[in-house]
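Sequence lines set the chain letters: A, B, ... in the order given, protein chains first and strands last, and positions in each chain run from 1. Keep in mind that the numbers below use all heavy atoms, side chains included, and drop hydrogens, waters and symmetry copies.
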Number of protein chains: 2
Amino acid sequence: MAQTLDTVFAALADPTRRAILQMLLEDDMAVTDVADPFEMSLAAISKHLNVLTNAGLITQEKRGRVKWCKLEPDAMKAASVWMQGFGQFEPVNLDAFEAFLERELGTSESPDP
Amino acid sequence: MAQTLDTVFAALADPTRRAILQMLLEDDMAVTDVADPFEMSLAAISKHLNVLTNAGLITQEKRGRVKWCKLEPDAMKAASVWMQGFGQFEPVNLDAFEAFLERELGTSESPDP
DNA sequence: GCAATCGTCAACCGATTGGTTGAATATAAG
DNA sequence: CTTATATTCAACCAATCGGTTGACGATTGC
C-alpha cells in the first residue's frame, strides 16, 4: 500500500520474495501453495507476502478460508522507470521495441516471415 | 563486486544511496563532495559508498588523497531486465517510447520547438 | 617538518529483518 | 458438533542495518 521506491526495491531484494513473484506470474495462488516449494515455515511465507503486499507488488483476497495471492506488476513501474533514468543499458531491448511497433502501430516492415 | 540481484536491489532500497547515484549521473565525484549535501557523517556516506561498490553500481578510484566515485549503470542491467520479465506494464510508457524514438532513432518529428 | 585535508576503521547503539515456535482464529467438511 | 484445513498472531532470537563518535593512516601544502 506504500508502494514507494524504498518498499518496492526492499521487497525485491530478497530471493524468496522474488521467487514468489515469479510463481505468481503463472497464476494466482493460495498462501499454502505459495509456501509449498520453500523449506521454511508457513508463518515466514506469510510475512514475506505481507512485505510484498505493503510494496503493492501483490494483492490478497480472501475467499472462504483460502487467501488468494495475485501479482500486481504495475507496482514495479515506478522502480523500473527510475532505473531507466540510468538507461545507458537498452531501454527495453530493441527486439521488443520492433515487435511493439509492428503489433501496435502496424509499421509494415515485417522482417521475419 | 558481488553484483547479484540481491545486492543491487538492496543497494537501491535506500533513498540516500539512490540520491548518490543520481548525483553521480551528472559527474564523477570525490567522497567528500558526495557527502556534502547530506546531513550525516562522512563515515556514514563512506559506508553507503561501500554498499554501492559491493553491488557494482559504482567504482572508486583513488588519485592522490582523493577517492573518485564513478557511476556504473550497467550494474543495473540484470535487475532491470528481471523487472521487465513482469512487463505487463507498458514497456516504458508511450511518452517515454516516443521520446526514445526521437532521441535514439532520430524520428524527425520534433513536436516541441 | 608540521598542520590541514581526505577518507577509513573500530566500537558501539537502537531499529529492523528473516526466521522460528506455539497458540489462536476462521472457515469448511464429515 | 467435531474435526481438519488455512492462515495469522505473538513472542522470541540472532544477524544485519544505518547511524554515531573518536582515533588512525595517507597525502598534500605551507
Side-chain angles (χ1 to χ4, degrees), chain A residues 1-24 27-71 79, chain B residues 1-24 27-71 79:
Chain A
M1 290 244 174
Q3 211 189 142
T4 61
L5 289 179
D6 281 50
T7 57
V8 169
F9 279 131
L12 296 181
D14 184 278
T16 302
R17 288 192 292 259
R18 286 198 306 276
I20 291 175
L21 291 177
Q22 286 188 302
M23 290 165 59
L24 292 177
D27 210 350
D28 296 0
M29 294 178 80
V31 173
T32 310
D33 296 332
V34 169
D36 215 49
F38 298 98
E39 284 179 343
M40 110 183 32
S41 71
L42 192 55
I45 296 293
S46 185
K47 283 188 185 182
H48 280 305
L49 292 173
N50 275 338
V51 173
L52 291 172
T53 301
N54 283 335
L57 290 163
I58 67 170
T59 50
Q60 292 174 281
E61 183 197 354
K62 196 167 185 177
R63 277 203 298 272
R65 67 181 161 183
V66 169
K67 204 168 182 182
W68 292 91
C69 304
K70 177 174 166 43
L71 184 64
Chain B
M1 291 242 176
Q3 210 190 142
T4 61
L5 290 180
D6 280 50
T7 57
V8 170
F9 279 130
L12 296 181
D14 184 276
T16 301
R17 289 192 291 260
R18 286 197 307 276
I20 290 174
L21 291 177
Q22 286 186 304
M23 290 165 58
L24 291 178
D27 209 351
D28 297 1
M29 294 179 78
V31 173
T32 311
D33 296 331
V34 169
D36 215 48
F38 297 98
E39 285 179 343
M40 111 183 31
S41 71
L42 191 56
I45 296 293
S46 185
K47 283 188 185 180
H48 281 304
L49 292 173
N50 275 339
V51 173
L52 291 172
T53 301
N54 284 335
L57 290 163
I58 67 170
T59 49
Q60 293 175 279
E61 184 197 352
K62 196 167 184 176
R63 277 204 297 273
R65 69 180 160 181
V66 169
K67 205 169 182 182
W68 293 91
C69 304
K70 177 176 166 43
L71 184 64

Completion exercise
Interatomic distance, CG@A:L57 vs CG@A:L49, rounded to 0.5 Å, equals 11.5 Å
Exercise for the section: Please tell me which of the listed nucleotides, C:dT8, D:dT20, D:dT7, lies nearest to the side chain of B:K67? Expected result: C:dT8
Practice task
Check the distance between D:dT20's P and B:E39's CD and give it to me in whole angstrom.
Solution key: 10 Å
Practice task
Could you tell me which non-hydrogen atom of A:G64 sits nearest to which non-hydrogen atom of A:K62, and how far apart they are?
Solution key: O-CG, 3.6 Å
Handout entry: Rounded distance (Å) that lies between atom P of C:dG19 and atom CG of A:N50
Key = 14 Å
Exercise for the section: Determine the contact category for A:A43: base if any of its heavy atoms lies under 4.0 Å from a base atom, sugar-phosphate if only primed atoms, P, OP1 or OP2 are that close, otherwise nothing. Expected result: base
Fill in the blank from the handout: Whole-Å distance, A:F38 CZ to C:dG18 P, equals 14 Å
Exercise for the section: Please check the phosphate of D:dG19 (OP1 and OP2 only) for any side-chain N or O of B:S41 closer than 4.0 Å. Expected result: no
Practice task
Take the protein atom CG of B:D6 and the nucleotide atom C1' of D:dC17, then report the distance between them rounded to whole Å.
Solution key: 15 Å
Problem - Minimum heavy-atom distance between B:C69 and B:L24, given as atom pair plus value - result: O-CD2, 3.6 Å
Exercise for the section: State, to 0.1 Å, how close A:A35 and A:L42 come at their nearest heavy-atom pair, and which atoms those are. Expected result: CB-CD1, 3.4 Å
Completion exercise
In whole angstroms, the gap separating C1' of D:dT7 from NZ of A:K47 amounts to 14 Å
Handout entry: Closest heavy-atom pair and its distance - B:A11, B:R17
Key = O-NE, 2.8 Å
Handout entry: A:I45 CD1 - C:dG19 P separation (whole Å)
Key = 8 Å
Handout entry: Shortest side-chain distance from A:Q60, nucleotide among D:dT8, C:dT8, D:dG19
Key = D:dT8
Tabulated below should be each protein N or O lying under 3.5 Å from an N or O of nucleotides 25-27 of chain C; please produce it.
from, atom 1, to, atom 2, distance (Å)
C:dT27, O3', A:R65, N, 3.4
C:dT27, O2, A:R65, NH1, 3.4

Fill in the blank from the handout: Of the candidates C:dG19, D:dG18, D:dG19, the side chain of B:R17 sits closest to D:dG18
Problem - Spacing between A:L49 atom CG and D:dA6 atom P, to the nearest angstrom - result: 15 Å
Handout entry: Nearest non-hydrogen partners of B:L12 and A:F9, listed with the distance
Key = O-CD1, 3.4 Å
Practice task
Report yes if a side-chain nitrogen or oxygen of A:H48 is closer than 4.0 Å to either non-bridging phosphate oxygen (OP1 or OP2) of C:dT17; otherwise report no.
Solution key: no
Handout entry: Side chain of B:V66 (C-beta onward), nearest among D:dT7, C:dC6, C:dT20
Key = C:dC6
Problem - Separation of D:dA6 P from A:D33 CG (nearest whole Å) - result: 8 Å
Practice task
Mind checking the CD1-CE spacing from B:I58 to B:M29? Nearest 0.5 Å is all I need.
Solution key: 11.5 Å
